Structures are given as C-alpha cells and as structure tokens.
2 protein chains.
Amino acid sequence: MESMGIGAVAKAAGVGIDTVRYYERAGLVAPKGRLSSGYRRYSELEVSRLRFIRRAQSLGFSLKEIRELLALSSSRNVASVKRKAEAKLADVDRRLTELKRIRAGLSSLVEACPGHGLPESCPILQALGGESP
Amino acid sequence: MESMGIGAVAKAAGVGIDTVRYYERAGLVAPKGRLSSGYRRYSELEVSRLRFIRRAQSLGFSLKEIRELLALSSSRNVASVKRKAEAKLADVDRRLTELKRIRAGLSSLVEACPGHGLPESCPILQALGGESP
DNA sequence: CTAAACCCTTGACTATGGTCCAGAGTCAAG
DNA sequence: CTTGACTCTGGACCATAGTCAAGGGTTTAG
C-alpha cells in the first residue's frame, strides 16, 4: 500500500472522511500530495499522525494543543513537549482532586438520605435547596 | 438586601448578566419574580443557585447535567431524589475512572521522558505516535 | 426634571469539533 | 464505454456555552 486515498486513510485511522478534511483545515494533517485531479494522497505517515491526534485527544488535549504538540515534534524540541505534557498532567490532577471532593460530598449525602419519609429528612434536598453541596 | 436586580445577582455570583439570562433560558435559574416593568428580581436563593451552577461546572458537569441535579430539589419524592443522586454518583465515578486513566497515561509518559535529546528518546511523541493501549 | 445607570427583548455572532449535503468531476472494473 | 464507487469544493448545520449589539423602556440620584 504505497499511497492511499482519503477514504482509506480515514478507515485506517478510524476516523471519518470529513474529520480528516476538518483536521487538514485545522492545520493538523496534510496529504502527502495530490493527484492532478486534486485527489488527496496519503501514506502511512499520515495514518500515524491521525492516530497521534486521536490518542492525544483521548488524553485530554484540545486540537489546538495537539497542533502545538505536532509543531514541536517537528521542531525536535523535546523539552517543550515535556513541559506541555506536564502542564496537562497538572490540569488533570486538579480536576481529579475536585471530582474526588464532590464524590465524597455526594456520597455522604446519598448515605445520609433515608430514601423515604418527609423531604425535610432528605439531606440531598436540604443541600441543594439551601447552601452549596 | 431583600431583593436585587439582575446586575446585582450576577455580581454576587460572579457571572455576567448575559450569562444569568442564558441560564434562565436553559432552565437553570428563574428570578424570584418580576416588577411591573418586567425587571427581574432575585433573592439570595438565586445567588446560591448560580454559585452552585458555577461550582458544578468547574467540576466538569454540563449545563444539562446541572439542570438534572437542580431538578432534584424541586422533586418532593424523596425516594426518586435518592435514586437520581445515586445515578449522579455513578456518573461521577465514571468520570473519575476516565480521568484516572488519562492521568496514568500522561504520568507514565512524562516520567519516561528525559526532557532533552532526540525526539526518538521522547516517549510522549513515541507512544502517542505508535500504538494505542 | 434630567441624566446616568440599569434593564428589557430579539437576534446575531463567537469558538470548538465535527457532520452532512449538493453538484460536479474522477477512477476502476467489466 | 458504462456504471458505480470515490473524491472534490463550498457551505449549511448540530450542540455547547456563552457574549455582544441594537433600540428601546425604567429607575434612581442629584
């Protein structure tokens, strides 16, 4: 498989054709070349790049951040790539901490609710109606 | 301060006036009442509600989810309130699991990257460019 | 009373990350 | 050569979560 069309590259990377073109508009992937007809031609390199994008997205990077990451990877600046990943990790940790806090609050509310009786006996309603949970 | 206008409630909750009206359209907050002129009037209750929305949002809840959360408070059925809170807790747990997965992926990548040298030595670029776990 | 500050509605516009469609052109198999 | 699959461009459309502007009316302080 020397080179492939947009349908093949999309299928190989597990994304939609429109998504490939969307990523191209967003400056994330470019075809290896074009036929005289205008048809885009891709190689395995672009498949890897598309998979990189998907993987990075699943790790919580926005397309803008991924574009920066890709730019850095071609500038061969390993230190910058690491710094960006570290910043993202810190962001994830912050979310994790806050989510754990709300989990604890919600959990104690659920445990304290008898599940029957008057609304006054339900701490969930008390918490939502009155002060913040 | 018996009652306040939209500007005051927005300021007290730390959001924009347009945002308050947007939340009203989205069914998240309603003014306590209106003047004959049509001006919205709010009490401290709405300030709490707005603050709750902001906090829940910062924890990664969408406005749709927050609306569901808030709907719990207007239900008079304690059992159903408890069930919904439990479902929301399960939601939070799923989020937590996903975030932990993201954290683990990022963390191992960051730890394995030397922060200098050739891109070939950077596992952030290598791992993301290669296969998926 | 006047003027500043405030508020009203409607509707357009922003960014993100796509998805879909029309109408036309191109490619590959039979 | 014909047919069906594929691809092209451009633009519309979706949801989410706002933000801003136009062109009014209202409230309040001096």
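We name chains A, B, ... by the order of the sequence lines, and we start the count at 1 in each one. Only a predicted model underlies this, so the values are computations on that prediction, with no experimental measurement involved.
Pairing for D/dG25 is with C/dC6, a Watson-Crick or G-U wobble pair whose two hydrogen-bonding atom distances lie under 3.5 Å.
Side chain of A/Thr97 to main chain of A/Asp93: a donor-acceptor pair is present (N/O by atom type, distance under 3.5 Å, no hydrogens or angles).
Atoms CD1 (A/Ile6) and C1' (C/dT26) sit 15 Å apart, rounded to a whole Å. The CD1 atom of B/Ile17 sits 18 Å away from the P atom of C/dT10 (whole-angstrom rounding). We find that CZ of A/Arg21 is positioned 12 Å from P of C/dT19, with the value rounded to whole Å. Here the C1' atom of nucleotide C/dC8 and the CZ atom of B/Arg41 are 14 Å apart, to the nearest Å. Atom P of nucleotide C/dT16 and atom CD of A/Glu65 are separated by 11 Å, given to the nearest angstrom. Rounded to an integer number of Å, the gap from CG of A/Leu28 to P of C/dG18 is 9 Å.
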What does the list of N/O pairs under 3.5 Å between the protein and nucleotides 17-20 of chain D look like, with a distance for each?
residue, atom, partner, partner atom, Å
D/dA17, OP1, B/Leu63, N, 3.4
D/dA17, OP2, B/Leu63, N, 3.3
D/dA17, N7, B/Tyr22, OH, 3.4
D/dG18, OP1, B/Arg54, NH2, 3.2
D/dG18, OP2, B/Tyr23, OH, 2.9
D/dG18, OP2, B/Gln57, OE1, 3.4
D/dG18, OP2, B/Gln57, NE2, 2.2
D/dT19, OP2, B/Thr19, OG1, 2.9

List, with names and distances, any nitrogen or oxygen atoms from the protein found under 3.5 Å away from nitrogen or oxygen atoms belonging to nucleotides 24-26 of chain D.
residue, atom, partner, partner atom, Å
D/dG25, N2, B/Tyr39, OH, 2.1
D/dT26, O4', B/Tyr39, OH, 3.2

A/Leu63 vs A/Tyr22, side-chain contact (heavy atoms from CB on, under 4.5 Å): CA-CA, chis, key distance, verdict: CA-CA 11 Å; A/Leu63 293 189; A/Tyr22 174 72; 3.6 Å; yes
A/Lys11/A/Met4 under side-chain contact (heavy atoms from CB on, under 4.5 Å): CA gap, chis, key distance, verdict: CA-CA 11 Å; A/Lys11 196 175 179 187; A/Met4 59 192 118; over 6 Å; no
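Legend: residues meeting side chain to side chain donor-acceptor pair (under 3.5 Å) with A/Arg94, ordered by chain and number and at least two apart, are A/Asp91.
Contact annotation for A/Arg34: backbone-only contact, meaning every heavy-atom pair under 4.0 Å involves sugar-phosphate atoms and none involves a base. In this structure, B/Arg40 reaches the sugar-phosphate backbone alone: every heavy-atom distance under 4.0 Å involves primed, P, OP1 or OP2 atoms, never a base.
Both A/Leu96 and B/Val92 belong to a common hydrophobic cluster when Ile, Leu, Val, Met, Phe, Trp and Tyr are linked at side-chain heavy-atom distances under 4.5 angstrom.
With respect to A/Glu65 and A/Lys88, a salt bridge is recorded, a charged nitrogen being found less than 4.0 Å from a carboxylate O. For A/Glu68 and A/Arg83, the salt-bridge test fails: no basic side-chain N is under 4.0 Å from an acidic carboxylate O. A salt bridge links B/Glu24 to B/Arg34: at least one charged side-chain nitrogen sits closer than 4.0 Å to a carboxylate oxygen.
Minimum interatomic distance between B/Ala30 and B/Glu46 (heavy atoms only, all atoms of both residues): O-CG, 3.4 Å.
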